Amino acid sequence: MTVSEGMEGRRARNYFDLFRIPTGFDLDVKDLGTRYRTLQQQFHPDRFSDGSDTDRRVAAQMSADINAGFQVLSDPTSRAGFLLQCEGFDLQALEKQALSGEFLMQQMELREQLQSIPPGQSDAYTQLSAESRQLFDSQVGIFRDAYAQGEFDRAGTAWVHLLYLKKLREEVERRKNSQ
Amino acid sequence: MAYSDKVIDHYENPRNVGKLDDSDAGVGTGMVGAPACGDVMRLQIKVNDQGVIEDAKFKTYGCGSAIASSSLLTEWVKGKSVDEAASIKNTEIAQELSLPPVKIHCSVLAEDAIKAAVKNYRDKQGQ
């Protein structure tokens with residue numbers, strides 16, 4: 001078996017091409033999972049243990065790219081970031097943009113709310129979890145729309161908002177499960 | 001990762017946690033955040049008629065280094081002029097707290113916060 005398609009080595013890959021799905025924000029996560037497992041099997045390093053050094057190296061690189069690509073594309077926040085990267089944006093620079101005081105204030109209040117939930121109040125966690133999910137989904141909606149319209153500044157801000165809300169949701173779940 | 005004793009001290013006994021009245025013309029508020037870690041920081045200063053910072057409060061949701069950086073900063077700015085406060089560099093904070101390289105961005109956040117608070121104060125004063 002030859003693995004010539006992985007020959008470009010360590011160059012940053014377009015993960016959408018890797019999984020042969022159209023570049024875009026909306027994707028079928030179940031289908032992505034199927035493609036991921038198929039590719040993973042196809043390029044599993046064990047299958048190349050008898051191959052040449054080059055084949056083995058390329059298979060190992062493909063395997064790493066397949067795993068990284070799945071991580072990036074299966075999560076909506078990192079998928080949004082990847083799409084911006086594909087448009088030529090520097091994510092670190094985007095992260096540094098000044099956000100509205102209103103958004104930061106809201107983030108502060110939500111974290112304050114989370115920290116002040118007394119032990120045993122699982123209803124309060126459920127409520128905050130639903131609220132943060134709703135905020136997250138609404139930013140997903142903004143990103144989807146802005147990206148489709150080619151309004152990348154707006155999409156970039158929505159992506160940064162998603163980063164905060166993703167962390168918030170993780171923190172809510174973490175505290176909910178550790179109470 | 002090991003935190004320095006100074007970070008732990010500020011983390012366990014944060015100085016000047018709280019809120020100042022934002023409607024006061026002498027109060028400047030800086031709100032900043034670090035999206036990658038989800039940290040949010042609010043730093044406020046109360047400036048008297050002589051242009052000297054007489055009180056400072058902060059509230060930070062984030063890691064120990066971010067809390068320690070903002071706590072230390074509120075201690076430092078008290079008694080300073082707004083110009084002096086705005087010229088504090090993140091490297092001074094990082095050095096005082098012996099922050100490891102991966103936590104330098106926490107001190108950057110604190111510097112951004114005091115600059116934002118001074119700017120907000122100046123905007124309010126129409127300067």
Side-chain angles (χ1 to χ4, degrees), chain A residues 72 75-78 80-82 84-85 89-117 128-129 132-133 135-136 139-140 142-143 155-175, chain B residues 11-12 14 16-23 27-45 57-67 69-71 74 86 90 101-102 104-124:
Chain A
V72 167
D75 176 74
T77 305
S78 47
F82 183 68
L84 292 167
Q85 250 178 328
F89 288 91
D90 172 1
L91 296 188
Q92 278 188 318
L94 276 181
E95 275 185 27
K96 290 200 179 96
Q97 69 179 293
L99 296 179
S100 70
E102 197 189 348
F103 179 80
L104 287 171
M105 191 72 87
Q106 180 196 47
Q107 289 305 299
M108 189 128 229
E109 280 165 6
L110 288 164
R111 280 162 179 77
E112 217 158 285
Q113 223 176 307
L114 175 62
Q115 233 173 45
S116 60
I117 296 176
L128 194 56
S129 173
S132 49
R133 191 198 162 118
L135 290 166
F136 184 89
Q139 291 297 326
V140 163
I142 293 171
F143 179 88
T157 304
W159 172 69
V160 179
H161 288 172
L162 284 174
L163 288 176
Y164 280 97
L165 291 164
K166 182 185 171 185
K167 282 282 170 192
L168 174 70
R169 290 181 68 192
E170 286 169 0
E171 193 63 17
V172 172
E173 294 313 312
R174 197 181 63 76
R175 281 178 174 259
Chain B
Y11 179 71
E12 288 179 346
N16 309 310
V17 173
K19 201 173 179 189
L20 296 170
D21 181 9
D22 198 34
S23 64
V27 169
T29 302
M31 290 274 298
V32 292
C37 29
D39 291 359
V40 209
M41 188 180 284
R42 180 185 62 219
L43 201 141
Q44 294 177 299
I45 49 171
K57 295 274 185 214
F58 85 97
K59 184 74 203 175
T60 294
Y61 291 94
C63 67
S65 303
I67 290 168
S69 296
S70 37
S71 171
T74 53
N90 83 282
V102 291
I104 297 296
H105 68 275
C106 299
S107 62
V108 175
L109 200 59
E111 182 188 320
D112 289 348
I114 184 66
K115 288 202 158 70
V118 166
K119 182 180 183 302
N120 179 247
Y121 164 76
R122 286 186 173 141
D123 287 348
K124 275 182 168 180

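Values in this document were obtained by computation on a predicted structure and should not be read as measured data.
For K119(B), the NZ atom is loosely surrounded, since the number of other residues' heavy atoms within 6.0 Å does not exceed 12. Counting heavy-atom neighbours within 6.0 Å of Q92(A) CD, excluding the residue itself, gives a total of 12 or less. Heavy atoms of other residues, nucleotides or ligands lying less than 6.0 angstrom from OH of Y11(B) number 12 at most.
In this structure, chain B has heavy atoms under 4.5 Å from both the backbone and the side chain of E112(A). Only the backbone of A34(B) comes within less than 4.5 Å of a heavy atom of chain A; no side-chain atom from C-beta onward does.
Minimum heavy-atom separation, L104(A) to V40(B): O-CG1, 3.8 Å.
Within the 3.5 Å criterion, the main-chain N or O of D39(B) finds no donor-acceptor partner in the side chain of R111(A).
If you tally non-hydrogen atom pairs under 4.5 Å between each of G33(B), G38(B), P35(B) and chain A, the highest count goes to P35(B).
Using a 4.5 Å heavy-atom cutoff, the side chains of Y61(B) and Q107(A) are not in contact.
Taking CE of M105(A) as the reference point, atom CZ of R42(B) lies at 7.0 Å (rounded to 0.5 Å). In this structure, the separation between NZ on K96(A) and NE2 on H105(B) is 11.5 Å, given to the nearest 0.5 Å.
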